[in-house]
Protein chains: 2
Amino acid sequence: MAQQKKIPDIVIKRLPIYYRFLTNLHQMGISRVSSSDLGKKMGITSSQVRQDFFNFGSFGLQGYGYDVEQLRQEIGNILGLNKQRTMIIIGAGHLGQALARHSAFEKEGYSVVGVFDVNPHLVGTKIRDIDIQHVNKISQFCRENKVDIAVITVPRTYAKDVADLVISLGIRGIWNFTSVKLNVPEDVAVENIHLSDSLMTLGYYVKCLHEREEEQEEQEE
Amino acid sequence: MAQQKKIPDIVIKRLPIYYRFLTNLHQMGISRVSSSDLGKKMGITSSQVRQDFFNFGSFGLQGYGYDVEQLRQEIGNILGLNKQRTMIIIGAGHLGQALARHSAFEKEGYSVVGVFDVNPHLVGTKIRDIDIQHVNKISQFCRENKVDIAVITVPRTYAKDVADLVISLGIRGIWNFTSVKLNVPEDVAVENIHLSDSLMTLGYYVKCLHEREEEQEEQEE
DNA sequence: TAGATTGTTAATCGATTAACAATC
DNA sequence: TAGATTGTTAATCGATTAACAATC
């Protein structure tokens, strides 16, 4: 069943946030929520909550609201969390290792099945129970194992080559932690974590706040 | 000089991207660029490029375009990259340590000046040349040192308390790596890196691509 | 039933794109 | 000068918000 009219990316980006808040509610033992309660918690309008869900169907009950656990599962299914996904991490530097050890992803159905690097000091060692293999083993590994997602945590100069490689091996999802913009065919999905960009954005707002403070001090004189 | 009409957040989020592409151009020895060239590289329209810059003034030359290095510096100044910023990292787990060791931030003027944790096995050890101190030393540290940004990489249950603490100590910028939504006063800036959200979003698109592939296979039969 | 809240359409708002006069 | 490209206003597009009939 094909997606009819394309759902805006910005709506998709909000689904994990809904999922997160619904998980919280569920853990707090709350079994029922209205669009306006949920919106208030998340800092958006009730209209937006209902409008977002409307893209996928109708999950609520008029006059009642939403069943927390049911809605959570619906959104989980939309996101595909009901299916197990496998990831390989390419680049076992500080960040790559931290991600490999980050156990939280596993709970959501994402498991790291391989870690690769070029550094001979790392190749052969283990992260948790996974051997770090040399990058030149990636092709073989992907032939022998189903891999859904490649996590790219290599230095920026290698990012493009690594992306091209994993795409050629049939991987359709790339989680890109480098600052490089990856140009990929339309049948490949890329999600970027641009740490530096995020930090610079924060820096801008901090600067603005400092400037505002200085102004206020001047006015007080 | 106060910011006149507020510049949209979405424009601010693009500034680091411009900065990044301009740095690349500069490193490639390219000294001149037009809005349409820059837009093409970044995957946006030339109109948007000009419209974005128009928020801050006029940096170009009609009939010529922009001087790469000059534009880069202008954007750097807007972002406040000309000023040195200090950060403390709270939570020296895998992610916190990886960020502390991530040297790239330093180049952009952000330096880690303190790392804190509660784990007695970590307290007293070093990351690079920085001592890991116990979290109960944060107040004292902030009184004795100017700290611009707090990086929060603690488990989610402690996130709120840590945020409240650093805000009470006068820190105005929070880089939040936990999955918790931090409710902060309006004179505090928060930037979130929600790794799980990003991964789930990627998972959604991977799911869609898989479904599309299956459909195509069916049609071929 | 009366009250509440959804699903869904319509109105508004803001961001992107187009257009073009200004000018290098 | 002629050509190119900006700065800037106007038009379009898309996302958010408001409104309300449907209905639990």
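Just so it is clear: chains get the letters A, B, ... in the order the sequence lines come, proteins before strands, and each one is counted from 1.
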Q: It should be established whether A:T45 places a side-chain nitrogen or oxygen under 4.0 Å from OP1 or OP2 of nucleotide D:dT16.
A: no
Q: Flag the pair B:R212 and A:E186 as a salt bridge only when some basic side-chain nitrogen lies within less than 4.0 angstrom of an acidic carboxylate oxygen.
A: yes
Q: Can you tell me how far P of C:dT6 sits from CZ of A:F56, to the nearest Å?
A: 18 Å
Q: Could you check how far CD1 of B:I12 sits from P of C:dA15, rounded to whole Å?
A: 11 Å
Q: In whole angstrom, what separates B:L38's CG from D:dG7's P?
A: 13 Å
Q: Output the rounded distance in Å from OH (B:Y64) to P (D:dT5).
A: 11 Å
Q: Indicate whether the side chain of A:S198 and that of B:E191 have a donor and an acceptor atom separated by less than 3.5 Å.
A: yes
Q: Please state whether the base of D:dT5 and the side chain of B:Q62 form at least one donor-acceptor pair under 3.5 Å?
A: no
Q: Name the nucleic acid region contacted by B:R32, choosing base, sugar-phosphate or nothing; use a 4.0 angstrom heavy-atom cut-off, strictly under.
A: nothing
Q: Taking atom P of C:dG7 as reference, at what distance in whole Å does atom CD of A:Q48 sit?
A: 16 Å
Q: Thinking salt bridges, do B:R32 and B:D67 make one under a 4.0 Å N-O criterion?
A: no
Q: Grab the CG-C1' distance between B:D67 and C:dC24 for me, whole Å please.
A: 15 Å
Q: Considering every strand and a 4.0 Å limit on heavy-atom distances, what is the contact class for A:S35: base, sugar-phosphate, or nothing?
A: sugar-phosphate
Q: Is A:R50 near enough to C:dT6 that one of its side-chain N or O atoms lies under 4.0 angstrom from OP1 or OP2?
A: yes
Q: So A:I75 and A:F56, side-chain contact (heavy atoms from CB on, under 4.5 Å) or not? Walk me through it.
A: CA-CA 9 Å; A:I75 294 176; A:F56 302 97; over 6 Å; no
Q: Which nucleotide in the set D:dT16, D:dT6, C:dT17 lies at the smallest distance from any side-chain heavy atom of B:S34?
A: D:dT6
Q: Tell me: CG of A:D9 to P of C:dT16, nearest whole Å?
A: 13 Å
Q: Output yes when at least one side-chain N/O atom of B:Y66 is less than 4.0 Å from OP1 or OP2 of D:dG7, else no.
A: yes
Q: So what's D:dA10 paired with, Watson-Crick or G-U wobble, going by both distances under 3.5 Å?
A: C:dT17
Q: So that I know where these two stand, are A:W175 and A:F105 an aromatic pair - ring centroids less than 6.0 Å apart?
A: yes
Q: Should D:dG3 form a Watson-Crick or G-U wobble pair with both distances under 3.5 Å, which nucleotide is its partner?
A: C:dC24
Q: Between C:dT16 and B:R14, is there an OP1 or OP2 to side-chain N/O distance shorter than 4.0 Å?
A: yes
Q: Counting distance only, does the side-chain N/O of A:N55 pair as donor-acceptor with the main-chain N or O of A:D52 below 3.5 Å?
A: yes
Q: Between D:dA15, D:dG7, C:dT8, which nucleotide has the shortest distance from any of its atoms to the side chain of A:F54?
A: C:dT8
Q: By nearest atom, which of the nucleotides D:dG7, D:dT9, D:dT16 is closest to the A:I10 side chain?
A: D:dT16
Q: Any idea which of D:dT9, C:dA18, C:dA10 is nearest the B:S47 side chain?
A: C:dA18
Q: With the side chain of A:Q51 defined as its heavy atoms from C-beta on, choose the nearest nucleotide among D:dT17, C:dT17, D:dT16.
A: D:dT17
Q: By nearest heavy atom, map A:L61 and A:I44 onto DNA chain D; which one lands nearer the 5' end?
A: A:I44
Q: Classify the nucleic acid contact of B:F53 as base, sugar-phosphate or nothing, counting any heavy atom under 4.0 Å across all strands shown.
A: nothing
Q: Nearest-Å distance, CG (B:L71) to P (D:dT6)?
A: 10 Å
